[in-house]
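As C-alpha cells, the structure follows; a few thoughts come after it.
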Amino acid sequence: MNIQSILATKGAHVITIRPEQAIREALILFIRHNIGALVVLDDAGQLIGILSERDIIRAAPMNEAIFSQSVHEVMARDIITVVPQDDLMSVANTMTEMRMRHLPVVDQGRLVGIVSIGDVVKAQRDQYRGEVDTLQTQLLADAI
Amino acid sequence: MGQPGTDTNPLRVAIIGAGPSGFYVAEHLLHQQGLNVEIDLIERLPTPYGLVRGGVAPDHQKIKAVTATYDKIAAHPGFRLYGYVEFGRDLTLDDLRQMYHQIVYTTGAQTDQHLGIPGEDFHGSWPATTFVAWYNGHPDFCDYQFDFSHERVAIVGMGNVAVDVARILCRTPEELATTDIADYALEALRHSRIKEVHMLGRRGPAQAAFTNPELKELGELAGADVRVLPEEVALDDLSRAALEKSPDRATYRKLELLQKYAAQKATTKPRQLIIRFLVSPVELLGNVDDQVAAVRLVKNTLYATEAGTLRPSPTDQFETLPVGLVFRSVGYRGVPLPGVPFDERWGVILNQKGRVLHAETLQPRIGEYTAGWIKRGPTGVIGTNKPDALETVRCMVEDLAQGAILSPAHPQATAAEKRIRERQPAYFSYADWRRLNTLEVARGRAVGQPRVKFTRVEAMLAARCDSEA
C-alpha cells in the first residue's frame with residue numbers, strides 16, 4: 001500500500017497559507033478545517049515550509065505577540081516531503097522516528113496533498129483489519 | 001413526510017457494482033440500528049461477486065469461500081439484486097436520482113495501468129487483467145485468444161496478480177482440471193508449449209509486493225521449478241539497513257524462501273518459473289508482424305526517498321530477453337462513470353472519505369457516495385473493503401441525520417422494479433443467480449471441478465429459461 005491510496009479519499013484540496021500571513025489566520029484555518037498543520041507556499045506556489053500546532057505552541061511562551069507574528073517566523077523550514085509512490089510502511093516509520101505528525105506530498109515538484117500520522121495509522125489499521133478478516137474467512141472455510 | 005429510514009418510509013439506496021465492496025456497503029447499512037433501509041444492488045453482469053468470481057484465481061477456492069458471507073447479506077429482506085443492468089446504459093444517474101435517496105458507486109478498478117514503454121501494444125503483449133478475466137470466464141473476455149505456442153513468457157510485476165498469472169501458466173492440465181477455470185481456458189492451456197515463465201520485478205526481493213503464502217505455493221507446483229538468481233536475492237545495503245531499523249518478520253521469511261529457491265537444484269519438471277529482481281522493461285521488441293519477440297530490460301539499483309522508501313533507479317546495463325508473450329501486471333486502474341466526477345491523478349471517483357465531490361467546488365454532491373477500489377484505488381485484500389465500506393456508510397448515516405439526501409419523486413421499490421423491467425426485461429434477481437450457481441456446481445460435479453462456469457451472457461439467460469421450464 002502506498003501514500004497515493006490515502007490521498008485518493010482526501011479530496012483534492014490542500015489547505016495552504018502564505019508566509020506573510022499572521023499566526024492568528026493560521027489558527028482560524030486550523031479550527032475551520034479541523035486540521036493540525038498547514039503547508040506554507042510562496043507567491044510562486046513553491047513549498048517553503050510547514051506550520052503545525054506544535055510549532056505555534058513551542059514559539060508561544062517566548063512571545064506575547066505570537067498571534068500577530070508572521071507564519072514564516074514560526075514555521076518549520078527543514079521539512080521532509082513524501083511522494084505518492086512512497087510505501088505506507090516507510091512513511092509510518094519515518095513519522096514515528098522523526099516525531100513528525102504531518103508530511104506534505106509532492107509529485108514532480110507540485111504539492112498534491114498532506115498526510116497526517118492519523119491518516120497513516122488509520123490506513124494501517126484498515127489494512128490489518130482487512131487481512132484478519134480475510135484470513136478468518138479462509139480458516140472458517142477450512143472448518144466447513 | 002419525515003426523514004426516510006422508518007418502517008413506512010424506508011431509506012432507498014442504490015449500490016452500483018456487486019463486488020465485495022457493494023456487499024460490504026449493503027451489510028453495514030443493513031446493520032444500522034433503527035434504520036429501515038432497502039437496497040437495490042445494480043450489477044452490469046448477470047452474476048454477482050465482482051473480482052471474487054472474475055479475479056481471484058481459480059485454484060484459490062478458499063478465498064472464494066467469502067461468497068457465503070455475501071449470500072447471507074443478500075438473504076436480508078431489504079436486499080435486492082438487479083443483475084445484467086448497466087449503469088449509464090440501462091439506468092442513468094438521473095433515473096437513479098428519481099428513485100433513491102442515496103447512491104453508492106462500488107464499480108472497482110476495471111482497467112490496467114500502462115507501462116508507458118515503446119512496443120507495449122505489439123501483438124502478444126497483454127494486460128494481466130485481461131488474461132485473468134479470460135481464465136476466470138468473464139463474459140466480456142471469453143472470446144479472447146492467447147497464443148501459448150511460445151516457449152518463453154514474461155510477466156511484468158511482482159504483486160499477487162502477477163503471481164496468479166505465473167502460477168496458472170505453470171500449472172499442469174491435471175492441476176487446472178481440479179479448479180473452476182473457464183472450460184475454454186483449460187482447453188487452451190492443455191496445449192501450452194510454454195517452458196519458461198519470467199517474472200520481472202523492478203525493485204529488490206525485500207520490496208516485492210507478493211505475500212509469503214503465494215510465494216511458498218510457487219515452490220509446490222507439480223510441473224514447474226522456481227528459479228531465482230542468487231545475485232539478485234543477495235540483500236543490498238539499503239534494504240539491509242531498512243530491515244535492521246524496522247525488523248519485519250514477514251520480509252525476513254520472504255527473503256529466506258527466495259534464498260532457498262536460489263540454492264535449490266533444478267529437477268526434471270517440464271517448466272521453469274524464473275523470478276527476477278531489479279530489472280525494468282524499457283522496450284518491447286517486435287518482429288515483422290508486430291508480434292512481440294523480446295523484452296529489453298535495464299538493470300536497476302535502489303535509492304531511498306526522503307521518507308525512506310526504496311525505489312528503483314536505472315543503471316546503464318541492459319539485457320534482452322527473447323519472449324513471445326508478455327503480461328503487464330503493474331496495477332489496476334479505475335474507469336470513470338458517466339456523469340460522476342473522476343480524479344484522474346489517482347484513477348478514482350473524486351471523493352472525501354467516500355462522499356463524492358463536485359469537480360469544481362470540491363464540496364460533497366448530495367446523495368452520492370463511493371467505496372472500494374473506485375474510492376481509494378486498487379490496494380489491499382478482499383477484507384480491506386470492509387472497513388473502507390464502513391467509513392462510507394458512516395458518512396451516509398451522518399448525512400441522512402442532517403437531511404442531506406436526495407428527494408426522489410418515486411422512492412418505492414415497485415417504481416424501481418417497474419423502471420428496471422422496462423429498460424432491461426431480462427434482469428437477474430438473486431434467486432436467478434442462485435439457480436445459475438446450482439447449475440454451475442452440478443456441471444462441475446460431473447467432471448470433478450468445484451463448478452463449470454457459464455461464460456456467456458446468452459448461455460446464462462438460456463440456462464435460466466431452462467431451469468424455469
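Below, chain A is the first sequence line, B the second, and so on; all start at residue 1.
- Annotation: ring-ring contact (aromatic ring centres under 6.0 Å, His included) contacts of Y70(B) (sequence neighbours excluded): F23(B), Y24(B).
- For the pair V112(A)/R345(B), a side-chain contact is recorded, criterion being any heavy-atom separation below 4.5 Å from C-beta on.
- In this structure, the separation between CE on M89(A) and OG1 on T309(B) is 11.0 Å, given to the nearest 0.5 Å.
- Contact count versus chain A (heavy atoms, under 4.5 Å) is highest, among S246(B), G380(B), G377(B), for S246(B).
- Among L135(A), V82(A), L103(A), T81(A), the residue with the largest count of heavy-atom pairs under 4.5 Å with chain B is T81(A).
- When all heavy atoms are compared, the tightest approach of R376(B) to A8(A) is O-CB, 3.7 Å.
- The greatest number of non-hydrogen atom pairs below 4.5 Å with chain A, out of Q61(B), E391(B), K64(B), is found for E391(B).
- Enclosure of atom CZ in R355(B) by more than 12 non-hydrogen atoms of other residues, nucleotides or ligands within 6.0 angstrom is indicated.
- Side chains of N351(B) and T9(A): no donor on one and acceptor on the other come within 3.5 Å.
- Using a 4.5 Å cut-off between heavy atoms, I63(B) contacts chain A through both its backbone and its side chain.
- Heavy atoms of V348(B) lying under 4.5 Å from chain A belong exclusively to its side chain.
- Of the listed residues M1(A), H13(A), Q4(A), the one with more heavy-atom pairs under 4.5 angstrom with chain B than any other is Q4(A).
- Here OG1 of T69(B) is found 10.5 Å from CD of Q136(A). Values are rounded to the nearest 0.5 Å.
- For a residue to count as touching a neighbouring chain, one of its non-hydrogen atoms must lie under 4.5 Å from one of that chain's; by this rule T379(B) touches chain A with the side chain only.
- Considering every non-hydrogen atom in both G383(B) and D133(A), the closest pair reads CA-OD2, 4.1 Å.
- Screening V66(B), I382(B), V381(B) for a side-chain contact (heavy atoms from CB on, under 4.5 Å) with T137(A), the sole residue that qualifies is V66(B).
- At a 4.5 Å heavy-atom cutoff, the contact between K386(B) and chain A is made by side-chain atoms alone.
- Here the side chains of P84(A) and W346(B) are in contact, with some heavy-atom distance below 4.5 Å.
- Environment of CD in E20(A): crowded, with over 12 heavy atoms of neighbouring residues, nucleotides or ligands closer than 6.0 Å.
- Counting heavy-atom pairs under 4.5 Å between each of E131(A), Q85(A), Q127(A) and chain B puts Q85(A) at the top.
- Residue contact with chain B, scored on non-hydrogen atoms closer than 4.5 Å, involves the backbone of I79(A) exclusively.
- Between D87(A) and R311(B) there is no salt bridge, since no side-chain N of the basic residue sits under 4.0 Å from a carboxylate O of the acidic one.
- For V83(A), the part lying near chain B is the side chain, with the backbone staying farther off; criterion is any non-hydrogen pair under 4.5 Å.
- For R253(B), the CZ atom is loosely surrounded, since the number of other residues' heavy atoms within 6.0 Å does not exceed 12.
- For the side chain to side chain donor-acceptor pair (under 3.5 Å) test, residues two or more places apart in sequence or in another chain that qualify with D119(A) are K10(A), S116(A).
- When heavy atoms are compared at a cutoff of 4.5 Å, Q207(B) does not approach chain A at all.
- The minimum heavy-atom distance linking A307(B) with D86(A) is given by the pair CB-OD2, 3.6 Å.
- Within a 6.0 Å radius of CD in E220(B), other residues, nucleotides and ligands contribute more than 12 heavy atoms.
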